[in-house]
Amino acid sequence: MTDGLSATFFERPVLDVARDLIGCTFLFDGVGGRIVETEAYAPGDPASHGYRGQTARNAVMFGPPGHLYVYFTYGMHFCANLVCEANGVGAAVLLRALEPTVGAERMAARRGTAAPRQLCSGPARLCQALGIGREHNGLPVWEPPITVLPREGSDPAATPGDAAELPPMPPEPQIVTTARIGMSAGDDGRRWRFVDAQSAFLSRGLRDNGV
DNA sequence: CCAGTGATTCTCT
DNA sequence: GAGAATCACTGGC
């Protein structure tokens with residue numbers, strides 16, 4: 001099996017992990033792509049599900065790093081997060097968008113559209129496209145059906161055939177930070193959304209940026 | 001712009 | 001325990 005990311009990658013400050021995940025590859029049951037958009041939810045962050053302490057719903061967030069935290073919202077959508085920081089700390093990175101590289105046909109079937117930017121661009125779309133649901137809450141990301149590959153060794157299965165051709169993807173993502181999406185109250189100036197500015201697969205375009 | 005949809009959590013009895 | 005408010009979204013007007 002290919003070397004994927006392990007617990008030590010996730011047992012770090014959640015902002016660092018959210019940034020470093022951009023350009024990595026996330027696969028679920030052999031379907032997925034390159035991570036182009038994430039959001040960090042930190043300890044002490046009023047927008048985080050963990051802000052008011054551990055509950056049955058958010059328990060996985062407080063568990064060991066490197067596990068999948070899946071939650072159900074708005075009566076119809078699932079969203080997937082990767083748990084970060086030490087065991088006992090409530091922190092996670094929301095996966096907001098992938099650039100599809102593997103299994104686009106299966107994604108299209110589940111999503112009901114073949115438009116590439118409608119497959120994985122958005123946290124609930126991503127879960128629907130990859131078939132992620134409540135039953136996957138708490139799974140470790142280094143065991144099947146999940147694979148998270150580091151940025152350098154981008155997915156070998158994505159480009160069958162000649163490796164001599166020039167890769168269509170840029171080698172390094174151009175990472176830009178923005179405010180997070182969908183915060184009902186103000187977000188206190190946090191810029192905890194991380195995107196690859198060169199990607200055409202973001203859930204929404206770039207607005208404010210900079211540091 | 002706004003409605004759908006239902007689990008979860010908060011705020012009282 | 002019951003009732004209400006909220007919700008890290010999406011698709012269709």
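By convention in this document, chain letters (A, B, ...) are assigned in the order of the sequence lines, proteins followed by strands, and residues within each chain are numbered from 1.
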[X] [atom1] - [N] [atom2] separation (whole Å):
| X | N | atom1 | atom2 | result |
| --- | --- | --- | --- | --- |
| A:Phe72 | C:dT10 | CZ | P | 13 Å |
| A:Arg125 | C:dA8 | CZ | P | 18 Å |
| A:Met76 | C:dG12 | CE | C1' | 12 Å |
| A:Leu119 | C:dT10 | CG | C1' | 15 Å |
| A:Tyr51 | B:dT9 | OH | C1' | 16 Å |
| A:Ile181 | C:dT10 | CD1 | C1' | 14 Å |
| A:Glu39 | C:dC9 | CD | C1' | 12 Å |
| A:Phe78 | B:dT5 | CZ | P | 15 Å |

Which one, [options], comes nearest to the side chain of [X]?
| X | options | result |
| --- | --- | --- |
| A:Thr55 | C:dG11, B:dT5, B:dT9 | B:dT9 |
| A:Arg111 | C:dG11, B:dC10, C:dC7 | C:dG11 |
| A:Gln118 | C:dA8, C:dG11, C:dT10 | C:dG11 |
| A:Arg134 | C:dA8, C:dG11, B:dA7 | B:dA7 |

Looking across every strand, which nucleic acid part, if any, lies under 4.0 Å from A:Ala47 by heavy atom: base, sugar-phosphate, or nothing?
-> base
Are A:Arg151 and A:Glu172 close enough for a salt bridge, meaning some N to O gap below 4.0 Å?
-> yes
Are A:Glu39 and A:Arg96 within salt-bridge range, i.e. N to O under 4.0 Å?
-> yes
Donor on one side chain, acceptor on other, A:Arg34 and A:Thr101, under 3.5 Å | no
Have A:Arg110 and A:Gln128 got a donor and an acceptor in their side chains that come within less than 3.5 Å?
-> no
Dot-bracket for DNA chain C, please, read 5' to 3', with Watson-Crick or G-U wobble pairs under 3.5 Å on both distances, ( ) within the strand, [ ] crossing, | other strand, . unpaired.
-> |||||||.||||.
A:Phe26/A:Phe28 aromatic ring centres below 6.0 Å = no
A:His49-A:Tyr41 aromatic ring centre distance below 6.0 Å | no
Given side chain to side chain donor-acceptor pair (under 3.5 Å), test A:Arg191 with A:Thr178 step by step and report yes or no.
-> CA-CA 5 Å; A:Arg191 291 184 299 274; A:Thr178 80; over 6 Å; no
Output yes when at least one side-chain N/O atom of A:Arg57 is less than 4.0 Å from OP1 or OP2 of C:dC7, else no.
-> no
At under 4.0 Å, does any side-chain N or O of A:His77 touch on OP1 or OP2 of C:dT10?
-> no
Verify stack between A:Tyr74 ring and C:dC7 base, 5.5 Å, 30 degrees = yes
Distance-only donor-acceptor test, A:Tyr71 side-chain atoms vs B:dA7 base atoms, 3.5 Å = no
